[in-house]
There are 2 protein chains.
Amino acid sequence: MSTLNGVEYIDHIAYDSVVFGYAAGRLKILVMEYHNTGLFALPGGFIAMHEDLDEAVKNGLEARTGLKDIYLEQFHTFGKADRNKTDEMKKILEANEIHQKEFQWMLSRFISVGYYALINHELVTLHPDALSDSCTWYDINKLPKLIQDHASIVAKALQTLRDQIDRKLPLFALLGEKFTMQELQGLYEVILDEKLHRGTFQRKMLSMDILERHEKKYSGAANKAPYLYSFKKNWN
Amino acid sequence: MSTLNGVEYIDHIAYDSVVFGYAAGRLKILVMEYHNTGLFALPGGFIAMHEDLDEAVKNGLEARTGLKDIYLEQFHTFGKADRNKTDEMKKILEANEIHQKEFQWMLSRFISVGYYALINHELVTLHPDALSDSCTWYDINKLPKLIQDHASIVAKALQTLRDQIDRKLPLFALLGEKFTMQELQGLYEVILDEKLHRGTFQRKMLSMDILERHEKKYSGAANKAPYLYSFKKNWN
DNA sequence: TATTATTGTCTCATAAAGCGACAATAATAA
DNA sequence: TTATTATTGTCGCTTTATGAGACAATAATA
C-alpha cells in the first residue's frame, strides 16, 4: 500500500484510459506529456484502497476533463510482467526532482486495466496532472511515441470500439446533442476507417429506430438542407 | 507483497476462471468446494511477482486440470470495493486452521481478472487445491450458491462466450477431436440457449470452410449414419 | 428563372438466413 | 428379400439484409 497526496493506493494496480473525441472530422485521443522528458503517455492513475475500480477511472477522468457522467467502457487488462520499463518512469520522476523513497513504488511492476471513454471535445477543459505539462488532443493517426505498452493499449481500445460500434452505438457522446446524418456517417467512417455508402447508411440508421428527427439545418450553401437528428431517450 | 509456499504474490490482485466443459449435451463449469465450510467458489489464484498475468492463469489451470495449452480468454476485470466479503474468507481460513498473521492478506480487498477457458472434459483429471475438498463439474444451470460475486463472474463469462461464438469459434476445445454435425449443433444450442434450424446450421458451418469431413459414424441405430468432422488445421 | 450541390428516398441486384421438403441410408421387422 | 422407421445430406423457396446507383426535392447563387 502506498500513499500519494495523503491518499492510500493499491500497489501494483493502475488504470489507463483511451479518451476518444471527435473534431473537424478526425478521431482524436487525449495524450499527456511529462515535464522536461519528451515522454508521452495515456492519462492514467491508481485505485484508492476503498474506491471502486470504475469510480477511480471516472474520478480521474473528471479531474482531467471537468466532465461528469462520462461514457466509459472497460476493454482489457494488461498484465505482462515486463510491461513497465523502469528507465522511463525514473526519467519522469527525476525530471520532477522526485527522489524520495516514498515514490519508489511507482517504479515497480503494474497491472493496468484499460478503459476507453467517449466524450464531446467541445464540452471539455483539459487539466494536466502534477507531473505533466499538457493534456492534449492528438489525431489517432498522428500519435507521438508513447511510453511502455501504451501504443498497444490504444490499438486494443480502437479495435474494441470498432467491434462494438454496431452493438451499443455509444456515439452520441462524441457528437453534439444534434447532428446531421452526414456528421454521423463521417464519425462511423473515421472509426471504421472505411468509406460507407450514403443511402445504405441512412437507411440502416433510420431503420434502427434510435434517432429522432428535428428541424433542418440551413448552412447557407446552395443545396438542400439536411435534417438534424438526436438519439432518442433510452435508445439502447 | 505476500508469500505463499515460498512464492511472492502481488497483493490485492487475483484471477478467477470460468472453465467450460461439455458432457452429455450439457454445458458445465468447474467449481471448488472448500473444506468444512459448504462454500463454493470458482478456481482462482494469485499472480506471482515476476509472472505474466496470462501465464499465472495458464499455470493455475494446468495445476487443476493437468492440461497444457488451454484455450483461454480474458473477459472482464472485477473491481468493486465491496466485492470481498471477509466473513466468507475468514470461514475458509478458520476451517483450515489458518490463523497465522502471514495469511491475513487474503482477507483484504482484491481486484480480480476474469478468464474463461474451454476444455475437453474427457482429457482432464481434476485436482483440488490445498484449501478445497473438491474440484467438480457443475451444470451451468444447476450451480450451487457461490461466494462473493462469483455468480456474476459466471454470468459475464457466459455472455462473453455467447457474443464471441460466431466470431472466433473456439469450440473444438469443448468437443472431442472428431464430432458429428448434430453434436456441434447441440453445443451451439446449449451455449446460446436456443434451438437452431438443422439445415441452416449445417449449411452455415460447411460454407465457413473450417471443417474437415471424415468417415461415417455408425451408431447401430436404424437410420442414416452421420459423417464425423474435425476442425481444419489453422481454421481461424 | 436557370444552375449547382446536396439530401431523402426509391428501386434493383446481390447476399445471407429461415424453413420446409425430399431422396438416401442404416438398422430392424415382416 | 422387402417394407418400415428415424436420421442425415442437400436442395429450393421465401424472407430479410446489404450494396450500389438513380431521381426528384430543395437551398442558395448566377
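Every chain is numbered from 1 and lettered A, B, ... according to where its sequence line falls, protein lines coming before strand lines. This structure is a prediction, so every number in the text was calculated from the model and none was measured.
- Nearest heavy atom pair, residue B:L187 against residue B:L175, reads CD2-CG, 3.8 Å.
- For an aromatic pair to be called close, the ring centres must be under 6.0 Å apart, and A:Y188 with A:F201 satisfies this.
- The separation between B:Y218 atom OH and C:dT28 atom P is 14 Å, rounded to whole Å.
- Checked by atom type, the side-chain pair A:H76/A:T160 shows no donor-acceptor distance below 3.5 Å.
- Nucleotide C:dA16 holds its P atom 11 Å from the NZ atom of B:K204, rounded to whole Å.
- Straight-line distance from the CE atom of A:M205 to the C1' atom of C:dG8: 16 Å, rounded to whole Å.
- The aromatic ring centroids of B:F40 and B:Y34 lie 6.0 Å or more from each other.
- The heavy-atom pair separating B:F179 from B:L211 by the smallest distance is CZ-CD2, 4.1 Å.
- Distance CG (B:D166) to P (C:dA16): 14 Å, rounded to an integer number of Å.
- Shown here are the side-chain hydrogen bond (donor to acceptor under 3.5 Å, both in side chains) partners of A:D209, two or more places apart in sequence or in another chain: A:K232.
- Here C:dG20 presents its P atom at 14 Å from NZ of B:K195, a figure rounded to the nearest Å.
- Salt bridge status for A:E215 with A:K178: present, with a side-chain N to carboxylate O gap under 4.0 Å.
- For A:A222 and A:R203, each mapped to the nucleotide of DNA chain D holding its nearest heavy atom, the one lying further toward the 5' end belongs to A:R203.
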Per-nucleotide pairing state of DNA chain D [Watson-Crick or G-U, under 3.5 Å; [ ] pseudoknot-crossing; | other strand]: ||||||||||||||||||||||||||||||
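- Summarising the geometry, the separation between CG on A:L211 and P on C:dG8 is reported as 12 Å, rounded to the nearest angstrom.
- Here the options are B:K156, B:K80, B:R83, the test is salt bridge (Lys or Arg N to Asp or Glu O under 4.0 Å), and the partner is B:D149; only B:R83 passes.
- Between A:G199 and A:K224, the residue whose closest nucleotide on DNA chain C is further toward the 5' end is A:K224.
- Across the protein-nucleic acid pair, B:R198 atom CZ and C:dA17 atom P stand 18 Å apart, rounded to whole Å.
- Classification of the A:F75-A:Y116 ring pair by plane angle, with boundaries at 30° and 60°, yields tilted.
- The footprint of chain B on DNA chain D, defined by a heavy-atom cutoff below 4.0 Å, extends from D:dT5 to D:dG12.
- Distance CG (A:N223) to C1' (C:dT3): 13 Å, rounded to an integer number of Å.
- Toward the 5′ end of DNA chain C lies the nearest nucleotide of A:A225, the other residue of the pair A:A225 and B:K216 mapping further downstream.
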